[in-house]
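Labels below follow one simple rule: chain letters A, B, ... track the order of the sequence lines, proteins then strands, and each chain is numbered from 1. These figures come from a predicted structure and were not determined experimentally.
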Amino acid sequence: MAGQQDDRTAERLAPAPAMTPESAPAARVAVVADPDGRGGSLQPLTEGGTPLGAPLRVRDLVAAMAAWEEVPPAGPRWVWAATDELYSRLLPDLPERRLARCHDVKLVEPLLLAQEDRYGEPRSLGAAWARLHGQPVPADLPEGPAAADSDQDSLFAPDRSRLPPGTDPLTALVAVHAEQQRRIAATADPARTRLLCAAESAGGLIAAEMGHDGLPWSAEAHDALLVELLGPRPRGGSQQQPPKLAALVAELQQALGGRPINPDSPAQVLRAFAEQGVSLASTRNWLLRQVDHPAAPLMIQYKELSRIHVAHGWAWREAWVRDGRFRPEYVVGGVVSGRWASRGGGALQIPRIMRGAAVADPGWLLVVADAGQLEPRVLAALSGDPGMIRAGARGDLYAGLAAEAFGGDRARAKLGLLGAMYGQTSGETGQLVAVLRRKFPQAMGLVEAAARTGETGGVVRSRLGRVCPPPSAEWLDRNESAARAGDGLADDAARDSRSRGRFTRNFVIQASAADWALAMIAALRRRLALIPSEVPGDRPRLVFFQHDEVVVHTPAQLADAVREAVSAAGEEARRLVFGDTPVHFPLDTHVAATYLDAKEGTDDEPEDED
DNA sequence: TACAATGACACA
DNA sequence: TACGTGTGTCATTGTA
């Protein structure tokens, strides 16, 4: 990269030497890529976003940025309109040391809008630019579908920045960024907002990298799993059912009176069961399990296998796995709570058994770490409830809880706490929640205050200040008219109200857990980059992230270093997000060749992923 | 014919 | 009374 020979070198490297920390310490650098070709424009900035000197034009953006990245002590924070557009484009050409930090205008904008009571307004650079200038705000373009097998992707990829024609993108970017920095400083807790924006932006980097690198996926192992479950792959294309599935349908038909039946049609299945004298409200598994009829277990088995065939079978692999990697598209902030969503391939719903097909390359291993009991620990840390903190100081929070309040009955302690966090008040759980309220008043007070806020139309926020969506206009309408009249709408309104209470009750926990998880992977990414590797390309990489669980693909000899990085990252996230709380957020780490084996790990403990 | 809603089940 | 939160994806079914 640096120090190459051709005549472009002087221009390419000009920005870095000219801007060493001594001469002009640029804390940040705004970047815009030319719409076509390899060039772009850079604008060094102060931390607050004030331009330092004139903008720079470079013919080779990747080389210029790589050179900047080497400037001690840490390289700048890159400021750009959207990671998922710019960084994704640069990644294939970036050298081994990837960009360390960024500020993503499109990810930061909705976080700030929500804090400013403008939830859901358009978030593109052009929209922010228009708001800044009091001009009509362009709507965001719908995000495209994942480009798994689309043959017209990059050529016609629309410019999503939504800037008015003739606007200089670098000028707009610099102005909007400076304004965002000002708005961050104006929030109720600037330090936390700053952390939230940095974590969200780091998430953008990680999502792009994981989409680029992909989760190692073995076609052989996947095939073996499918053949074992479904029988050999049908030759006649995807229309045909695999043998075990076809046999199951025949058996089912027999058991239901012999007439042809499509088990994928709930209506037909219900009718057929009714003819057998079995009346069912739906074809849900848990209902079928209670039915004493030979067709019921067949139906359950059919559903299980059919789902695997349809959602993660051979057709799925052909659509989503290329060159031994499953490459979904991760959508940072795709869930209101700050969790990620994904597009394409159902990345966040890979069934447990299928994880046996996620196999490390030869000589490599998967390090799988999940934060056990994350949400109750978050509640303990958020509320500072002394009893819950005592429980959370132990390895198993539910056991601690049981010891404090349920005579050692762990199952009841767990059920009660989950009920309290999710808003379940019916049946036995209601009584358990009552016990919790007595023993852990601060913790229960926190979730119940959140519920009341939601029920009355208010908004709640996560630890780092992510704000939940406000109620819709229809919701407010219904509630107000019900309050006015006690008419027929009252029941609906009351149901709405309680439903929103459950949502806000859960939001403070789920979103604060997402705060922690985001800070954790950001810290982990930075720490992984510091692990020395003997072969330049062979370094540990984040390859999967699912709410409270992370997978690192690493050369086998670095697995121990990765484990240490994981545990240090968890500790760092606790400190950053929850300050000096005594609650711990232990990461359960396992190392194995396949995701499934690493997940199962030591199978002596009950699994409590949420 | 194309799209939207529904039901079901996968994940945390 | 009785109610757990948040997602994505598929096939079927209903509607424009």
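- No side-chain donor from either of A:Asp496 and A:Ser499 sits under 3.5 Å from a side-chain acceptor of the other.
- A:His222 and A:Arg317 form a side-chain donor-acceptor contact under 3.5 Å, judged by distance and modelled atom types alone.
- Computed from coordinates, the A:Trp316 CH2 to C:dC10 P distance equals 11 Å when rounded to whole Å.
- Rounded to whole angstrom, the span from the CG atom of A:Leu418 across to the P atom of C:dT5 amounts to 13 Å.
- One interatomic measurement links the two molecules: CZ of A:Phe326 to P of C:dT9, which rounds to 9 Å at whole-angstrom precision.
- Side-chain to base pairing of A:Arg307 with C:dA11: no donor and acceptor N or O lie closer than 3.5 Å to each other.
- Between the P atom of B:dA10 and the CZ atom of A:Arg352 lies a distance of 12 Å, rounded to the nearest Å.
- The two residues A:Lys106 and A:Asp104 make their nearest non-hydrogen contact at N-OD1, 2.8 Å.
- Distance, A:Glu448 CD to C:dT5 C1': 16 Å, rounded to whole Å.
- In this structure, A:Ser342 does not reach the C:dT7 phosphate: none of its side-chain N or O atoms is under 4.0 Å from OP1 or OP2.
- The separation between A:Met299 atom CE and B:dC9 atom C1' is 12 Å, rounded to whole Å.
- Taking a pair as Watson-Crick or G-U wobble with both distances under 3.5 Å, DNA chain C forms stems of 3 or more consecutive pairs at B:1-12 with C:5-16.
- Inspection of the A:Asp370 and A:Gln546 side chains reveals no N or O donor paired with an N or O acceptor under 3.5 Å.
- As rounded to whole Å, 5 Å separates atom P of B:dA8 from atom CZ of A:Arg284.
- No cation-pi contact links A:Arg463 to A:Trp516, judged by a cut-off of 6.0 Å to the six-membered ring centre and 45° from its axis.
- Distance A:Asp264 CG to B:dC9 C1': 13 Å, rounded to the nearest Å.
- Just one residue in the list A:Arg437, A:Gln424, A:Lys414, A:Arg412 forms a side-chain contact (heavy atoms from CB on, under 4.5 Å) with A:Leu432, and that residue is A:Arg412.
- Less than 6.0 angstrom separates the ring centroid of A:Phe578 from the ring centroid of A:Phe585.
- Comment: A:Arg233 does not engage A:Asp223 in a salt bridge, judged by the lack of any side-chain N to carboxylate O separation of less than 4.0 angstrom.
- Here A:Asn262 reaches the OP1 or OP2 of C:dT12: one of its side-chain N or O atoms lies under 4.0 Å away.
- For B:dA12, its base sits under 3.5 Å from the side chain of A:Arg339 at one donor and acceptor pair at least.
- The stretch residues 462-470 of chain A has no heavy atom under 4.0 Å from DNA chain C, so no residue of it qualifies as close.
- For the residue pair A:Asp264 and A:Tyr302, a side-chain donor N or O sits within less than 3.5 Å of a side-chain acceptor on the partner.
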